[in-house]
J.: 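What follows is a single structure, and I will ask about it in a moment.
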Amino acid sequence: MPRQLGELEDAVMTRVWQWNRPVTVREVLEDLQQERSIAYTTVMTVMDNLHQKGWVRREVDGRAYRYTAVSTRAAYAAALMNEAWSQSDNPAAALVAFFGMMSPEQRESLRDAVRMVGPPEDSPDPADPPPSTEAESPQESAQPAQPAEPDGTGDGTGR
């Protein structure tokens, strides 16, 4: 399970995810410097740490590295949510509380996601009607099934 990214790690990964291409330390540095004063070596250290932690892969490009995200921001967010949910002693209550914090737009996104995933394969779709039981008469459905004979033939002959 991934540990939550620190503030600077998140700022770096945000750029890597948004640009969705191999990036250099220099590119990330120049973009970060529009918001804050930061040294090249600081960004280089953060990107090296992200590589060591498995968040980015890197390839040599001349005298520099180009860094690429290993997974998407959505996968990162999903892993964090899953970890937090699994830590709860009452997962259902945690979900209810989480849903209560959501904006109407987030709830609509959740509905869309549930529709995309669909019901679990072992669960009937709530939109499907239950299986028909018209062939059974009320007497048949009320009677318990007869157990098979111990010999397995069911006819009591033992043959």
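Values below: every heavy atom of this structure, side chains too, minus hydrogens, waters and symmetry copies.
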J.: I'd like to know whether Y67 forms a side-chain contact (heavy atoms from CB on, under 4.5 Å) with V25, so could you lay out the CA-CA distance, the side-chain angles of the two residues, the decisive distance to 0.1 Å, and finally the verdict.
T.: CA-CA 8 Å; Y67 295 85; V25 171; 3.9 Å; yes
J.: Closest approach of W85 and A94, non-hydrogen atoms and distance?
T.: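 That would be CD1-CB, 4.1 Å.
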J.: First locate atom CZ of R107, then atom CG of L110, and finally report the distance between them rounded to the nearest 0.5 Å.
T.: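 One finds 9.5 Å between CZ of R107 and CG of L110.
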J.: Give a yes or no on whether the backbone of A64 and the side-chain of D61 come within a donor-acceptor separation of less than 3.5 Å.
T.: no
J.: Please say yes or no: joined through hydrophobic side-chain contacts below 4.5 Å, possibly via intermediate residues, are M81 and M101 part of one cluster?
T.: no
J.: Hey, could you give me the CD/OG distance between E105 and S109, rounded to the nearest 0.5 Å?
T.: 8.0 Å
J.: With a 4.5 Å cut-off on side-chain heavy-atom distances among I, L, V, M, F, W and Y, is there a chain of contacts connecting M44 to M47?
T.: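 Yes, because M44 and M47 connect within a single hydrophobic cluster, where side-chain heavy atoms sit under 4.5 Å apart.
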J.: Stepwise, does the side-chain contact (heavy atoms from CB on, under 4.5 Å) test hold for E9 with K53?
T.: CA-CA 11 Å; E9 289 173 328; K53 293 176 180 180; 2.5 Å; yes
J.: Working to the nearest 0.5 Å, report the span between CD of E83 and CD of Q4.
T.: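 The CD atom of Q4 is 11.5 Å from CD of E83, to the nearest 0.5 Å.
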J.: Looking at D31, V12, V16, which hits side chain to side chain contact (heavy atoms under 4.5 Å, CB included) with V23?
T.: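 Exactly one option meets the side chain to side chain contact (heavy atoms under 4.5 Å, CB included) with V23, and it is V16.
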J.: Using atom types as modelled and distance alone, determine if a side-chain donor or acceptor of Q106 lies under 3.5 Å from a backbone N or O of S103.
T.: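 Side chain of Q106 to backbone of S103: a pair is present.
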J.: Mind listing the closest non-hydrogen atom pair of P22 and R66 along with its distance?
T.: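 Nearest heavy atoms, P22 then R66: O-NH1, 3.6 Å.
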J.: Can you name the closest pair of heavy atoms from V43 and L29 and give their distance?
T.: CG2-CD1, 3.9 Å
J.: Could you tell me whether Q52 atom CD has more than 12 heavy atoms of other residues or ligands within 6.0 Å of it?
T.: yes
J.: Evaluate whether atom CD of E59 has more than 12 neighbouring non-hydrogen atoms of other residues, nucleotides or ligands under 6.0 angstrom away.
T.: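 Open.
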J.: To the closest 0.5 Å, what do you measure between CG (N20) and CZ (R15)?
T.: 15.5 Å
J.: Roughly how far, to the nearest 0.5 Å, is the CG atom of L50 from the CG atom of L8?
T.: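 Separation between the atoms: 8.5 Å.
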J.: Identify the heavy atoms of V70 and G54 that sit nearest to each other, and give their distance.
T.: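 That would be CG2-O, 3.4 Å.
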J.: Has the side chain of W17 got a donor or acceptor atom that lies under 3.5 Å from a matching backbone atom of S71?
T.: yes
J.: For R58, run the side-chain hydrogen bond (donor to acceptor under 3.5 Å, both in side chains) check against T24, T68, D48 and tell me which one passes.
T.: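 Testing each of T24, T68, D48 against R58, the sole residue satisfying side-chain hydrogen bond (donor to acceptor under 3.5 Å, both in side chains) is D48.
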J.: Side-chain heavy atoms nearer than 4.5 Å, only ILVMFWY residues, links allowed to pass through others: does that put F99 and V117 together?
T.: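 In one cluster with F99: V117, no.
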J.: What do you reckon, is CH2 of W19 surrounded by more than 12 foreign heavy atoms closer than 6.0 Å?
T.: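 Yes, CH2 of W19 has more than 12 neighbouring heavy atoms, counting only those of other groups under 6.0 Å.
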J.: Is there a side-chain contact (heavy atoms from CB on, under 4.5 Å) between R73 and D10? Walk through the geometry before answering.
T.: CA-CA 10 Å; R73 179 161 211 123; D10 186 67; 2.6 Å; yes
J.: Determine the minimum heavy-atom distance between R36 and A11, stating which atoms define it.
T.: NH2-CB, 3.9 Å
J.: Do E27 and R21 have side chains that get closer than 4.5 Å, going by heavy atoms?
T.: yes
J.: How many angstroms lie between CE in M13 and OH in Y76, if you round to the nearest 0.5 Å?
T.: 9.0 Å
